[in-house]
Amino acid sequence: LLGAAGPLLLIACAHVATLLPARSVTRARETAIRVALGASRRQLALRYFAEGALVSIAGAAAGVGLSAIFIQNLLAAASAFIPRVEDITIDWTVLGFSVAVAIATGVLASLAPLWQAMRTAPNAVLSEGVRASASAPAQRLSMAFVVAEIALAFTLLTTSVILVVHMRNLERVSLGFEPDGLVAFDLALPRRVGESNAALAERRRSEQARLMDALRQTPGVTDTAFASQLPAGLFCGSTPIYVEGRPEDALGQRVCVTLATPDFFSTMRIPLRAGRWLNESDRQPDAVTVVVNEPAARAYWPDRSPIGASG
């Protein structure tokens, strides 16, 4: 999106830069008088930059105002469909970026009329009067800006097509689970006063079993499961892994660990490539049974099967 917004901004800059030289033609006599009265190039540059910055900052203010109105209407209309809708807002970083882009845009758009004014001889303008049409250099400059706008428009079109293709490809990427028909929610069981860790764990297991039984009796619910985190979630409970037969210094990565009930894989419709799923007998404290994904199997057991491996 940022790559598409860049050419769009450059097209607007080229359009404004095309209009400013045309406006400077009608003010050629005024500029020549200023030069004849002793105005330096620095003073002319500051004047042109101030005019360009005024136009660009006004445009940026209008854009920020329209964005604020659009966000309010969007949140009011789609608050029930957008996750984390309360985090959508315009912050100071966005405002600072808008001001910086507006100033830079004003400076860039002012370079064309400034360059034209510097190349115009004051004596010729004052002796001939104000010309009704632009000079040949000004016309060539305007034509160059038009060509640049067309080129940028084709660039924007190409970028948009690439963006659409990438979005379609992202929709076809296999997530490793089936998200259709799933409902996920977070639960927290607070600790009671004076409750030990063992008592809390036992009460958590009983509450989970009671809730899963109640959910299974709900019409339309086919599978239920508990897990410490969801696939592709923001939270990652990591732990180091030590593969038998490999030196520890070769394990420069940590893996994410998800604690889940045995029905987690069937509920998420995660396919089994090899081995077996977890079952209730794997709850024994004297043995740790894990299920690894394909990237972990390729990374840590590239030359053998991870089934039955210990670490």
Side-chain angles (χ1 to χ4, degrees), residues 75 78-88 170-242 254-301 305-311:
L75 298 184
S79 58
F81 309 101
I82 301 178
R84 299 179 62 184
V85 68
E86 65 278 358
D87 295 337
I88 301 177
L170 285 176
E171 292 179 353
R172 300 173 182 176
V173 171
S174 176
L175 301 177
F177 63 95
E178 181 58 50
D180 295 337
L182 291 179
V183 177
F185 52 90
D186 296 330
L187 289 178
L189 190 64
R191 182 189 296 270
R192 296 173 179 174
V193 178
E195 188 176 26
S196 62
N197 293 334
L200 177 62
E202 181 62 30
R203 186 163 62 92
R204 182 183 293 114
R205 283 192 292 268
S206 62
E207 291 293 335
Q208 288 178 354
R210 183 182 62 83
L211 182 57
M212 290 177 64
D213 291 338
L215 290 175
R216 290 191 183 99
Q217 299 175 7
T218 304
V221 176
T222 58
D223 295 290
T224 59
F226 274 90
S228 59
Q229 63 184 16
L230 293 176
L234 298 178
F235 174 75
C236 174
S238 62
T239 183
I241 182 173
Y242 303 95
R254 298 173 66 89
V255 297
C256 293
V257 177
T258 299
L259 305 179
T261 56
D263 295 333
F264 175 74
F265 298 99
S266 61
T267 303
M268 299 294 294
R269 298 180 181 88
I270 298 177
L272 179 65
R273 301 302 185 192
R276 66 171 179 85
W277 290 131
L278 300 176
N279 52 48
E280 293 295 335
S281 62
D282 295 322
R283 293 180 180 270
Q284 302 299 326
D286 55 345
V288 178
T289 305
V290 298
V291 177
V292 299
N293 58 4
E294 290 183 274
R298 289 193 298 264
Y300 298 107
W301 296 275
S305 174
I307 299 176
S310 61

Checklist line | Exercise: identify the closest heavy-atom pair between L200 and R191 | finding: CD2-NH2, 3.5 Å

Next item on the list: Determine whether W277 and L272 make a side-chain contact, defined as any pair of heavy atoms from C-beta on separated by less than 4.5 Å.
Entry: yes

Notebook entry, point to check: Distance from T261 atom OG1 to R205 atom CZ, nearest 0.5 Å?
Noted result: 13.0 Å

Margin query: Ignoring hydrogens, what is the shortest heavy-atom contact between Q229 and C256? Give both atom names and the distance.
Written below: NE2-CB, 4.1 Å

Item checked: Nearest-0.5 Å distance that lies between atom CZ in R269 and atom CG in D223 -> 7.0 Å

Checklist line | Partners meeting salt bridge (Lys or Arg N to Asp or Glu O under 4.0 Å) with R276 (sequence neighbours left out) | finding: D282

Note to self: Any salt bridge linking D213 with R210? Criterion: basic side-chain nitrogen under 4.0 Å from a carboxylate oxygen.
What the structure shows: no

Notebook entry, point to check: Testing I270, L230, T267 for side chain to side chain contact (heavy atoms under 4.5 Å, CB included) with F177, which one passes?
Noted result: I270

Checklist line | P190 to R203 - nearest heavy-atom pair and separation | finding: O-NH2, 2.8 Å

Check: Taking atom CZ of R273 and atom CG of N293, what is their separation to the nearest 0.5 Å?
Finding: 11.5 Å

Notebook entry, point to check: To the nearest 0.5 Å, what is the distance between CG (N279) and CG (D263)?
Noted result: 10.5 Å

Next item on the list: Working to the nearest 0.5 Å, report the span between CG of L211 and CZ of R216.
Entry: 10.0 Å

Notebook entry, point to check: What is the minimum heavy-atom distance between P271 and G176, and which atoms define it?
Noted result: CD-O, 3.6 Å

Check: So which heavy atom on V257 is nearest to which on S228, and how close?
Finding: O-OG, 4.2 Å

Item checked: L189 CG to E207 CD distance, which is reported to the nearest 0.5 Å -> 6.0 Å

Next item on the list: Locate the shortest heavy-atom distance separating P231 from F264; write the atom from each residue and the value.
Entry: CD-CZ, 4.2 Å

Note to self: With heavy-atom distances below 4.5 Å as the criterion, would you say the side chains of Y300 and V292 are in contact?
What the structure shows: no

